[in-house]
Amino acid sequence: MEKQDNESLISVRELKKYFNDGEIKALDGITVDINKGDVMVVIGPSGGGKSTFLRSLNLLEVPTSGQIIFEGVDITKKKSDDGKKLDLPLHRRKIGMVFQHFNLFPHKTILQNMTLAPMKTKGLSQAEAEEKALALLERVGLKDRADAYPSQLSGGQKQRVAIVRALAMEPDVMLFDEPTSALDPEMVGEVLAVMKELAKSGMTMVVVTHEMGFAKEVGNRILFISEGKIVEEGTPDQIFNDPQSPRLQDFLSKVLI
Amino acid sequence: MYLILAQSAKTTWWQSLFSGMSPASFFNFSFLPKYLSFFWQGLVYTLLLSVLSVLVAVIPALLLALGRLSKSKAIKGITGGYIAVFRSTPLLVQLYIIYFGLFGLIKIPSHTILGFIDISRFIPGICALALNSSAYVAEIFRAGILAVDAGQTEAARSLGLSGWQAMKLVVLPQAIKNVLPALANEVVTMVKESSICMTLGMMELMWGAKTVAGTTYITIAPYVLVAIIYFAINFPASKAIEAVERRMRRGDRKV
């Protein structure tokens, strides 16, 4: 922990996101460091800014002010101080993202979903990209569905594909935006199992979720965000067994653990 | 004297207005054996004119649609202005301005293809129809692009694809599939609208009917015949498009 500055993968400084000229403060000054190997789970009430925070990390949401320093580069600046233009797609390639509604490409097969970006952005040949994609599909038990279309898969299968599609880009960090919220209850487990395995493999992850069991078991840091601010931060043990703020105590009393 | 009056009373004055007109005159197709080629060639001309003009319109329409969705205010304004002008003025007026104005400057040599299509008229006709059609097709494309879930773009961008790559590889393929029925409808519209090209002597269906009517003094039936031909093309076509649309809606599922 002494060398935190060196290990910090994403440094977020005073991040603010306002809508309607400041009338709505979705993010109201978030400062946090995400270190290599962290599994940071973000919890909090709906509309509190969790998703906006996560979506800011790869600039799907453009912040009103503040800094996001990813691997030493402030990606909120279109031009760096030495005049170099920011190559946002380049940084996004290293930040994988999984969405609540999967967002698989319906006009492409599972395999094509996975090979599209590696081929177009990293210049991989089709054979290379397919080999890598098939290995990843095997890891999540879906190799036999490689030639299926997304509409032929169950929700749980779609989300597992979405995870390995992001992994095919070999990202340095994975962002999960409520990955199990749109799933039927019996499919939640299979997706969480993949995420757990991913965490074990050492992947840095930021996970917005309502799955408190996952937060407790897999997360090493919990962030409680409400009304656009980090209200409390700590280890799962601190957050779930010894919550300090009334806001967090109230929230935990209302969610099933 | 009395007898004569009585007899003329049988045909009252208003009946004379319709003299020479009988139910049979609507379907007096006696001109057909001699003038069949006018209608056959007219049909080919009409179909070529309408299908080609919509096809030519596709690329400009796509650019216009992308322009309308652009972040740049200037590009948005220019493309929006183009669409507004072409949608708010009559096609006939546009046709005349383009034919006499634009193609008064650009001279196309008189050359005949297929034996009856004079390209010095045909090409200006295609241009006018395509310029007009592109304004309408642009709005079709714009709606089609906006109908693709925003999550698709987000997923593509989060994978590191550029904005243009996301549009080209992910959004447009889905948008175009969705707008194909509307595009086919535009062809149906063009089959009808292209009849105004008659006024510039393009030998399409309506021109054929007018020429036959003028030559044979059979005034109604040629127009009835072309009405039947237009209907026989457009009605089944619209029904087929509707059926395809229904099937596509059934096939759509959230992914």
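The analysis underlying the following values was restricted to heavy atoms, covering all of them including side chains, and did not include hydrogens, waters or symmetry mates. Chain letters run A, B, ... following the sequence lines, proteins first and then strands; every chain starts at 1.
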task: Give a yes or no answer on whether the side chain of A:N103 reaches the backbone of B:G151 with a donor-acceptor pair at less than 3.5 Å.
output: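 Yes.
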message: Applying a heavy-atom distance below 4.5 Å, give me the residues of residues 162-182 of chain A that approach chain B, sorted by number.
response: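 Listed by number, the contacting residues are A:R165, A:A166, A:M169.
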Heavy-atom neighbours of [X] [atom1] exceed 12 at 6.0 Å:
| X | atom1 | value |
| --- | --- | --- |
| A:E131 | CD | no |
| A:D144 | CG | yes |
| A:K122 | NZ | yes |
| A:Q126 | CD | no |

- prompt: How long is the gap from CD on B:E154 to CD on A:E61, to the nearest 0.5 Å?
  reply: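 Reported to 0.5 Å precision, the distance equals 7.5 Å.
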message: Please report the interatomic distance CZ(B:R157) to CG(A:L88), rounded to the nearest 0.5 Å.
response: 6.5 Å
field: Positions in residues 160-169 of chain B that reach chain A, provided some heavy atom is under 4.5 Å away
entry: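 The stretch touches chain A at B:G160, B:L161, B:S162, B:Q165, B:L169.
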field: Heavy-atom check, side chain of A:F105 versus side chain of B:P173, under 4.5 Å
entry: no
query: Any side-chain heavy atom of B:L159 sitting closer than 4.5 Å to one from A:L116?
result: no
query: Checking A:I95 against chain B: side chain, backbone, both or neither under 4.5 Å from a heavy atom?
result: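 For A:I95, the backbone is the part near chain B, not the side chain.
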- request: Could you tell me which portion of A:K94 (side chain, backbone, both or neither) has an atom closer than 4.5 angstrom to a non-hydrogen atom of chain B?
  value: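 Looking at A:K94, nothing touches chain B.
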- request: Locate the shortest heavy-atom distance separating B:A155 from A:F99; write the atom from each residue and the value.
  value: CA-CE1, 3.6 Å
